Protein chains: 2
Amino acid sequence: MTEQTNNKERILQCALKLFSKKGYDGTSTMDIVNTAQVTKPTMYHYFGSKEGLLSEILEQNYTALSAKLKEAANLPQDISLTFYRIARVYFDGARENLDFFRFRMGLMLRTGEDAAYLCARKYIEEEYAIIKDFFDNATKQAGNLAGKESLCTITLIGVLNAAVSAYLYLEDEAMLSDETIYKLRQQFLHGIYS
Amino acid sequence: MTEQTNNKERILQCALKLFSKKGYDGTSTMDIVNTAQVTKPTMYHYFGSKEGLLSEILEQNYTALSAKLKEAANLPQDISLTFYRIARVYFDGARENLDFFRFRMGLMLRTGEDAAYLCARKYIEEEYAIIKDFFDNATKQAGNLAGKESLCTITLIGVLNAAVSAYLYLEDEAMLSDETIYKLRQQFLHGIYS
DNA sequence: CAAACTGTATACCGTTCGGTATAATGCAAG
DNA sequence: CTTGCATTATACCGAACGGTATACAGTTTG
């Protein structure tokens with residue numbers, strides 16, 4: 001009765017889904033193995049611990065996200081286009097990998113010592129660093145943003161996270177449309193009256 | 001050995017501090033009563049359950065926050081001033097009640113079924129409703145925002161939350177200064193280049 | 001074919017969880 | 001001065017927690 005369609009992958013997916021819905025601390029290992037239809041030793045064979053499982057989930061998903069984000073943010077000469085590309089990374093990510101983005105959102109604004117946040121922290125910091133880098137480079141070429149790089153980073157990520165969060169809450173795919181991005185970009189670049 | 005400086009209040013404060021640091025699920029009732037230097041029956045006498053304790057914490061703190069927010073947002077004829085006033089409510093709140101704002105931030109972008117989020121959901125929705133109301137009224141008087149009320153609400157809250165979150169992360173009070181608010185407002189109203 | 005290794009199952013570990021039965025204390029009102 | 005109530009302490013509950021010892025099946029390798 002071995003190998004009934006890759007237990008490891010199924011554990012990863014079920015755990016992510018449960019973490020995203022009930023939180024890391026709110027999800028028990030029994031929850032996970034029951035949902036994934038494996039036994040506990042199977043899970044511990046692959047991941048060693050509950051936290052090991054969390055680490056692998058974060059590593060997999062954040063690695064993919066960071067790569068896309070870096071690619072989207074490598075055109076410092078065009079802030080407008082880059083806004084679109086970054087927004088698309090987040091919005092596509094949210095649509096295609098709803099569970100991960102739900103989980104990620106719950107970790108995003110944290111600052112405490114909860115286990116899941118501590119594991120995710122380095123990835124969150126990397127995300128900020130990628131956007132900050134972009135604005136730093138954009139300033140070198142444009143100049144009129146000098147001194148605002150940090151605040152731009154905070155507000156850009158804040159606005160996009162808020163929009164993704166609204167999508168997850170409303171579950172309305174219109175929230176992820178190009179039209180939404182255009183409106184958000186217009187507002188970000190030129191203010192709410194524009 | 002009765003009444004050694006109000007056990008109930010001390011339980012509330014210690015629980016909030018622990019929730020903000022380790023999350024609701026990550027905090028045990030033993031944690032709480034040990035920190036507050038009471039026994040479990042004392043806690044259960046006052047609050048009935050762990051969730052009852054959470055409810056009272058949320059009710060107390062969100063009631064105060066919502067009242068301040070409503071007051072700050074009752075000048076629909078002046079968006080610029082209102083931005084300042086709303087930002088001050090959040091920023092002062094974060095400085096004066098760090099634990100609650102830390103906790104609140106962790107709940108803010110959630111969408112799942114975790115216990116703490118479900119308890120807090122109605123308050124979060126009320127917060128959005130207050131800001132949304134403001135923009136709806138502002139549109140009636142100004143008009144040039146028509147159709148953007150929802151997106152303005154999302155981005156305003158998103159930007160301010162991101163700033164508060166940056167303060168909690170950096171622990172730098174300069175983040176909460178009037179100067180920061182002016183920059184954020186300028187950006188919100190007139191774009192990043194302005 | 002035998003040894004070794006990967007993966008899975010049964011059954012169980014000690015600990016901690018949220019919560020409570022019972023009783024003693026201090027204090028206010030009759 | 002005692003009855004009644006609000007508050008606190010001791011001691012404990014069953015259930016669920018994260019994690020594991022042991023064994024065995026299936027495959028790979030010598």
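In this text, all values refer to a predicted model and were calculated from it rather than measured experimentally. In the text below, chain A, chain B and the rest are named by the order of the sequence lines, each starting its count at 1.
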Exercise. Mapping A:G48 and B:P41 to their closest nucleotides on DNA chain D, which lands nearer the 5' end?
Worked result: B:P41
Return no unless some side-chain N or O of [X] is found under 4.0 Å from OP1 or OP2 of [N].
| X | N | value |
| --- | --- | --- |
| A:Y46 | C:dT6 | no |
| B:N7 | D:dT7 | no |
| A:S28 | D:dC17 | yes |
| B:T29 | C:dG18 | yes |

What is the distance, to the nearest angstrom, from the [atom1] atom on [X] to the [atom2] atom on [N]?
| X | N | atom1 | atom2 | value |
| --- | --- | --- | --- | --- |
| A:N6 | C:dT6 | CG | P | 16 Å |
| B:Y44 | C:dT22 | OH | P | 19 Å |
| A:M43 | D:dT20 | CE | P | 10 Å |
| B:H45 | C:dT22 | NE2 | P | 18 Å |
| A:Y24 | D:dC17 | OH | C1' | 12 Å |
| B:Q37 | D:dT7 | CD | C1' | 17 Å |
| B:I11 | D:dT7 | CD1 | P | 11 Å |
| A:M30 | C:dC13 | CE | P | 16 Å |

For this session: Check B:N144, B:L156, B:L189, B:L151 against A:I192 for a side chain to side chain contact (heavy atoms under 4.5 Å, CB included) and give me the one that passes.
Result: B:L189
Problem set entry | Residue pair B:S150 / B:T153, side-chain donor-acceptor N/O under 3.5 Å | no
Exercise. B:Y62 vs B:Y123 aromatic rings, parallel, tilted or perpendicular, using cut-offs 30° and 60°?
Worked result: parallel
Exercise. Is the A:Y90 ring parallel, tilted or perpendicular to the A:F101 ring (thresholds 30°, 60°)?
Worked result: perpendicular
Problem set entry | Row check, A:Y24 ring normal vs A:K50 NZ/CZ: under 6.0 Å, within 45° | yes
Problem set entry | Salt bridge A:K132-A:D136, side-chain N to carboxylate O under 4.0 Å | yes
Exercise. Per the atom types in the model, does the base of D:dG18 pair as donor or acceptor with the side chain of A:K40 at under 3.5 Å?
Worked result: yes
Exercise. For the helix from C:dC1-D:dG30 to C:dG30-D:dC1, what angle lies between the axis at the first five pairs and the axis at the last five pairs, to 10 degrees?
Worked result: 10°
For this session: With sequence neighbours excluded, give me every side chain to side chain donor-acceptor pair (under 3.5 Å) pair touching residues 97-106 of chain B.
Result: A:T111-B:R102, B:N61-B:N97, B:R104-B:E127, B:R104-B:N161
